[in-house]
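To start, the structure itself, in structure tokens.
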Amino acid sequence: MQEPDSGFDSAAWDRQQVEIRSKVITTDTFTWRVEAGVSQDKLRLVGGLDISFRVDQSERERAVACLVVLSLPTLEVVHEATLNLVMPHSYRPGYLAARECPAYMQLLTAVKATPFCPQVVLVDGFGILHPRGCGSASHVGVLADIPTIGVGKNLLHVDGLTEQHVRCCMRAAGEGTRIPAAAGDAMLPTCHPNGSITMPLVGLSGATLGMALTANAGVQKPVYVSIGHGISLSTAMEVVRCCCLHRVPEPIRQADIRSRQHLRELLDAGV
DNA sequence: GCGACAG
DNA sequence: ATCTTGTCGC
């Protein structure tokens, strides 16, 4: 019996992830600022990448990848590009980039030749918060040589981090009750003036792998921000925070909405 | 062996 | 990720 994904070489992807991880830069590699003074470059164009999937009538897994570029501070979409795909193999935890990175690279390569090349790109998934320190946001950031930030909606359980513990601490912070001391005192949530809560994601190794963020007081479930490539965690948080209208930051939310709609139109047309 | 596992 | 309508609330 032939296995469904017998062509998938996870050992080869392991090696590539380790290789790319060694090239990830975790400090700011640009001169722009989110809050810029008069004589400084300002952050104006933020990208968002996401993919929607669906099985078609021929049992093929189809997908549409979408890149959007938003202008700050209005968060209006000034550029959109999509790419239609037939997925060669199924999803595997830890190997998201194997599925999504090729499409992302094509979209980013194309946008670089336009006036809408984003200064930083938010990627649906994780960056260095990953079993080998190289999630899809880091992968695409290094290969495309562009600053990236990983934004995940569900926590990857890496280095002892669990969604249960994170949410317990953030809920306590929101209610003003005592923070559980289970993972030491490194993971202390911060409550912000606008009602949002942030909390460092510190693994058992002591490394800070990212930040949990609830965008505003009405949001219970956090999103998880991690460095992709070429940006510091504190700057990444500034970027993500100024993109938050809803739980999911606007660039990723728009890429999600538009890729889903495009895919639906594609399949409804029987293509 | 058991549980966990981005999208 | 996706299969799926209405509904409660700001």
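Lettering follows sequence order; numbering is per chain, from 1.
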Salt bridge or not between Asp50(A) and Arg258(A)? Use side-chain N to carboxylate O under 4.0 Å.
no

Which stems does DNA chain B form, counting runs of 3 or more consecutive Watson-Crick or G-U wobble pairs with both distances under 3.5 Å?
none

Side-chain atoms of residues 28-40 of chain A: list all donor-acceptor pairs with protein atoms under 3.5 Å, sequence neighbours left out, distances to 0.1 Å.
{"unit_1": "Asp28(A)", "atom_1": "OD1", "unit_2": "Ser232(A)", "atom_2": "N", "d": "2.8"}
{"unit_1": "Asp28(A)", "atom_1": "OD1", "unit_2": "Ser232(A)", "atom_2": "OG", "d": "3.1"}
{"unit_1": "Asp28(A)", "atom_1": "OD1", "unit_2": "Thr235(A)", "atom_2": "OG1", "d": "3.2"}
{"unit_1": "Asp28(A)", "atom_1": "OD2", "unit_2": "Thr235(A)", "atom_2": "OG1", "d": "2.7"}
{"unit_1": "Thr29(A)", "atom_1": "OG1", "unit_2": "Gly230(A)", "atom_2": "O", "d": "2.9"}
{"unit_1": "Thr31(A)", "atom_1": "OG1", "unit_2": "Asp41(A)", "atom_2": "OD2", "d": "2.8"}
{"unit_1": "Gln40(A)", "atom_1": "OE1", "unit_2": "Gly37(A)", "atom_2": "N", "d": "2.7"}

Test: Glu163(A) and Lys221(A) ion pair at under 4.0 Å
yes

Distance test, side-chain N/O of Tyr91(A) to OP1/OP2 of dA6(B), below 4.0 Å
yes

After noting the C-alpha distance and the side-chain angles of Arg21(A) and His139(A), does the key distance pass the side-chain contact (heavy atoms from CB on, under 4.5 Å) rule?
CA-CA 8 Å; Arg21(A) 177 65 183 91; His139(A) 209 103; over 6 Å; no

Count the heavy atoms of every other residue, nucleotide or ligand shown that sit under 6.0 Å from NZ of Lys112(A), and state whether that count exceeds 12.
yes

So if I take every side-chain heavy atom of Ser52(A) and compare against dT2(C), dA6(B), dA4(B), which nucleotide ends up nearest?
dT2(C)

Does dT2(C) have OP1 or OP2 sitting under 4.0 Å from an N or O in the side chain of Arg264(A)?
no

Flag the pair Glu250(A) and Arg253(A) as a salt bridge only when some basic side-chain nitrogen lies within less than 4.0 angstrom of an acidic carboxylate oxygen.
yes

Nearest listed nucleotide, side chain of Lys153(A), among dC3(C), dC5(B), dA1(C):
dA1(C)

Please tell me which of the listed nucleotides, dC3(C), dA6(B), dA1(C), lies nearest to the side chain of Leu156(A)?
dA6(B)

Write down the protein N/O and nucleotide N/O pairs, taken from nucleotides 8-10 of chain C, whose separation is under 3.5 Å; answer none if there are no such pairs.
none

Phe8(A) six-ring centre to Arg99(A) NZ/CZ under 6.0 Å and within 45° of normal
no

Candidates dG7(B), dT2(C), dC5(B) - which lies nearest the side chain of Asp50(A)
dG7(B)

Would you check if Phe126(A) stacks with the base of dA6(B), given a 5.5 Å centroid limit and a 30° plane limit, both strict?
no

Worked verdict on Val225(A) versus Met237(A) for side-chain contact (heavy atoms from CB on, under 4.5 Å)
CA-CA 7 Å; Val225(A) 179; Met237(A) 288 301 291; 3.8 Å; yes

Under 4.0 Å between a side-chain N or O of Asn154(A) and OP1 or OP2 of dG7(B)?
yes

Base, sugar-phosphate, or nothing: which does Gly152(A) touch, judged by heavy atoms less than 4.0 Å apart?
sugar-phosphate

State whether Arg132(A) and Glu19(A) are salt-bridged, where the test is any N-O pair (Lys NZ or Arg NE/NH1/NH2 against Asp/Glu carboxylate O) under 4.0 Å.
no

